[in-house]
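Every chain is numbered from 1, with letters handed out A, B, ... down the list of sequences.
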Amino acid sequence: MGRTRAVLVSLTVAAFTGGGLLAAPGPSADPAVLMKARENLRISQLTLHRIERELEVLRRRPQIDPSVLADYSIYLLRVRSLTEAHGKVVEAMEAVNPQVPPVAPAASWPQVEPFPFDPAIPEPIDELSRLQREFVASLEAFDTFLLEEQYKAQRAMEDLADASSQEMTDLAREAAAAVERLRAKGIEVETGSPSDGANGGSQGAAGETPGSPGAPGAPGDATGEPGSPEQHPNGRPGEPAAEGASTRPAQDEPGEGPTHSGNAGDAGDTTTGSGGGASGSGDPSGSPASGVSGPAPDDGSGPTPPETRPPADDDDIVARQLREAAEKETDPELKKKLWQEYDRYKGLS
Amino acid sequence: MSVLRRPRNHGLTALIVVSLAAGCSSVPPGYQLVRPTSLDQAVQEVPEDQLLDVGVEISEARALSEKQLEKLGTNTDIRKSECRYIPYHLKTTLQQSSHWGAVQVVPPEGEVVDLTISSELVKSNGEMLQLEVNAVDAAGRVWLSRKYHAQVKQGHYTDTSQGEREAFQDLYNTVANDLAAFKHTLPPATIADIRTVSKLQFAQEFAPEAFDDYLSEDEQGLVVVQHFPAQDDPQMERIELIRERDNMFVETLNQYYEGLYLNMWEAYENWRQFNLVEQVALREAKKEAFFRTVTGILMVAAAVALQVGDLSPSVGVASGVLLAAGGQVIISGVNISQQADIHAEAIRELSESFGAEMRPTVLELEGKQYELTGTAAEQYREWKSLMRRIYYEETGFDPDVTRFGSADHAPAELPAVR
């Protein structure tokens with residue numbers, strides 16, 4: 001752009017020169033030629049005066065492109081040279097033709113209008129405007145990017161909430177179905193207590209705050225160890241399960257520690273919502289599925305009847321995993337096989 | 001074995017047992033024990049010019065050996081999750097206190113904010129949380145540099161509330177209160193200066209040419225404002241527009257952090273409870289096994305001593321009974337020791353399970369964070385370049401000739417017009 005401006009200025013200067021200086025062949029005694037030279041001088045002086053003022057205006061501009069100022073200064077220098085050349089021509093001609101009166105000084109010349117900017121010279125504000133537009137566009141693009149990302153994050157959160165809600169609903173349905181199955185077998189299950197896991201599950205299905213049915217099991221159940229009181233304290237997520245467990249028949253599967261009130265480890269007890277043994281067995285998320293989704297208690301026809309199994313205190317890791325898998329299993333057939341495997345491993349069958 | 005030597009060994013035993021019992025609750029030197037603490041909340045609305053924005057950096061996890069991790073019942077995956085959980089919960093606590101402006105979790109050393117809080121996770125296992133917290137304002141003033149040690153019991157997990165109150169809430173409250181207390185010691189003018197400093201630091205980052213000399217350091221090494229930008233400084237207005245976007249970007253990041261925080265809340269709480277219960281049970285079992293084994297050995301030793309000292313039939317019977325009982329006690333000690341092993345195995349299994357559960361979630365979050373910060377960094381580079389070019393256009397300041405493409409394109413005979 002700077003080079004274009006320089007070419008433009010050169011052409012302008014050349015036009016001046018061609019119209020004035022180059023046309024002057026040298027000192028002439030012809031008064032008409034002298035008058036013409038004087039006119040050229042006057043025009044160039046006016047031009048010089050105008051350009052000086054314009055440059056002054058440009059310099060005061062806060063957002064002026066320095067290259068424009070540079071180009072304009074070059075233009076001024078050229079016009080000044082031209083004016084000096086015109087002055088010398090006039091001087092020389094006046095020397096050979098002294099009877100022609102000199103022209104009035106430049107100061108008395110009429111003032112020209114303020115500088116109407118030459119459209120050929122790019123407005124300095126243009127580059128700034130272009131950058132401003134670029135800046136605003138980049139802000140808008142970034143805004144759009146952020147909005148999209150926020151939308152994605154929001155969606156992810158909603159999906160998470162939906163999944164959680166769906167999980168709770170499913171669990172509540174399973175719990176309710178389990179209660180029905182137990183009742184069908186003649187086992188009365190209390191579901192009215194707020195602490196009852198199964199009841200919470202049913203309520204969860206109806207849209208109430210989920211959580212009770214899925215209350216995670218007591219961690220202590222994982223080991224089947226005789227727990228200290230701390231292992232089943234009141235108030236933690238597994239608590240409702242333990243309380244609910246007290247409503248079931250005394251057909252506990254192995255897994256509950258002897259000191260656990262309520263024997264929450266019974267996976268077959270679907271009404272407890274405990275997951276006591278189940279969730280403590282490797283589900284730190286406290287997923288309630290294991291606690292509430294189990295089928296009706298094992299009838300004990302295949303494997304050793306639950307009440308005859310020894311406590312799980314001395315289960316080793318393999319036995320414990322087998323027991324937990326059996327407790328968690330919802331398929332009756334598979335559950336039965338797992339218990340059989342457990343019994344075989346423990347030497348009970 | 002001489003009976004006379006027994007008391008000495010017994011003393012040693014007692015010492016060990018006391019150490020075992022006390023070991024769980026000891027506060028390491030240099031740590032502040034966290035007491036039950038309620039959150040100091042602002043009683044009246046803080047004026048706008050006194051609200052400091054806070055950036056809580058993602059925590060760093062102190063490097064622990066495999067043995068240390070095993071002893072704590074944790075692993076690196078869990079600690080990685082905690083490094084994102086802890087700052088987010090501190091953020092929610094600070095927000096609840098109402099002493100602050102915007103509080104956001106930020107990547108480490110990535111943001112210019114009025115007050116930056118960084119933390120190092122030392123130990124955490126559900127029963128205990130050790131955290132080192134540092135807080136420095138934009139001027140470089142250290143607000144806080146403390147190590148906190150908190151210990152909880154099972155009851156602390158009973159009245160938790162997702163996103164609001166957790167088992168170690170006392171620790172978070174203590175940190176928040178310490179920060180608020182320091183803030184109260186600062187004159188309002190200093191707080192206003194901190195805001196200006198961070199504003200100018202941000203401006204310097206994007207337009208160093210324009211704002212380079214606005215800040216300096218005083219004799220204490222604190223950053224101070226040299227002069228303020230004009231009210232209608234167009235460059236500062238543009239910088240403010242960029243800062244708004246930067247804030248939006250951090251908010252977006254925080255949506256993802258929040259997702260992880262809420263996602264892991266329940267599982268994390270359950271894991272911590274489990275770990276707490278099992279750690280206590282493990283300790284009890286070890287202690288009991290130790291007692292029984294030592295008691296059994298003492299009984300056997302006493303029986304042997306009786307037999308050596310007196311050969312009468314009655315003593316012989318008593319010695320036999322004592323010997324048999326001692327053997328039984330030793331055996332029961334061994335059995336309990338096996339139970340302790342089961343507790344330890346349970347802790348390990350559950351920690352592996354929880355860690356494995358969290359690993360993909362944390363990885364996904366890290367990936368998202370890199371993606372977002374990468375895009376933002378690219379955009380910020382572009383803005384910095386734009387700010388520079390705009391600054392040149394507005395001021396005419398041109399320190400080099402790069403704007404002409406190359407030195408060859410620069411006007412060769414520029415008069416001194418600048």
Side-chain angles (χ1 to χ4, degrees), chain A residues 2-3 6 55 59 62-67 69-74 77 124 127-128 131-132 134-135 138-139 141-143 145-146 149-150 153-154 156-157 160 216 218-220 222-228 230-231 233-237 279-280 282-286 313-317 320, chain B residues 153-155 157-159 238 241-242 245 248-249 251-252 255-256 258-259 262-263 266-267 269-271 273-278 280-281 284-285 335 338-339 342-343 345-346 349-350 353-354 357 372 375-376 379 382-383 386 389-390 393-396 398 404 409-411 413-415 417-418:
Chain A
R3 175 170 282 184
L55 185 58
R59 280 177 178 161
Q63 297 176 344
I64 185 67
D65 184 338
S67 68
L69 278 179
D71 289 344
Y72 225 84
S73 299
I74 294 167
L77 289 172
E127 177 64 5
L128 188 62
L131 290 171
Q132 284 276 30
E134 194 180 330
F135 176 59
S138 69
L139 288 176
F142 196 64
D143 285 349
F145 162 73
L146 287 178
E149 286 300 329
Q150 286 178 349
Q154 187 64 33
M157 293 281 284
L160 190 69
T223 61
E225 288 300 313
S228 65
E230 282 180 285
Q231 285 179 285
N234 292 333
R236 67 181 178 160
S279 70
D283 179 13
S285 69
D313 296 1
D314 56 346
D315 276 1
D316 62 14
I317 296 296
R320 186 152 50 84
Chain B
K153 292 187 174 169
Q154 186 67 35
Y157 287 95
T158 56
D159 61 344
R238 290 184 204 100
L241 289 173
I242 293 175
R245 269 69 190 181
M248 278 172 63
F249 164 69
E251 278 174 29
T252 309
Q255 278 187 288
Y256 285 102
E258 185 187 13
L262 294 177
N263 193 19
E266 189 180 356
E269 191 167 88
N270 288 334
W271 170 77
Q273 279 191 84
F274 174 85
N275 216 358
L276 163 63
V277 168
E278 288 298 310
V280 170
E284 292 295 323
N335 284 340
Q338 286 172 346
Q339 287 175 15
I342 293 174
H343 283 297
E345 182 63 18
E349 280 184 13
L350 262 294
S353 171
F354 176 53
E357 186 183 334
L372 284 175
T375 307
Q379 181 62 68
E382 189 186 322
W383 279 335
L386 264 174
R389 286 151 64 196
I390 288 174
E393 288 299 327
E394 284 183 338
T395 63
D398 189 4
F404 294 101
H409 293 145
E413 46 179 323
L414 281 179
V417 292
R418 281 168 284 171

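Looking only at side-chain heavy atoms (C-beta outward), B/Met248 and A/Phe142 stay at 4.5 Å or farther from each other.
The two residues B/Ile390 and A/Phe135 have their closest heavy-atom pair at CD1-CB, 4.3 Å. Nearest approach of A/Leu128 to B/Glu394, heavy atoms of both residues: CD1-CG, 3.7 Å. Among all heavy-atom pairs drawn from B/Arg245 and A/Leu146, the shortest one is O-CD1, 3.6 Å.
Note: A/Gln154 CD to B/Thr252 OG1 = 11.5 Å, rounded to the nearest 0.5 Å. In this structure, the separation between OH on B/Tyr256 and CD on A/Gln150 is 9.5 Å, given to the nearest 0.5 Å. The line from CD of A/Glu149 to CD of B/Gln255 is 9.5 Å long, rounded to the nearest 0.5 Å.
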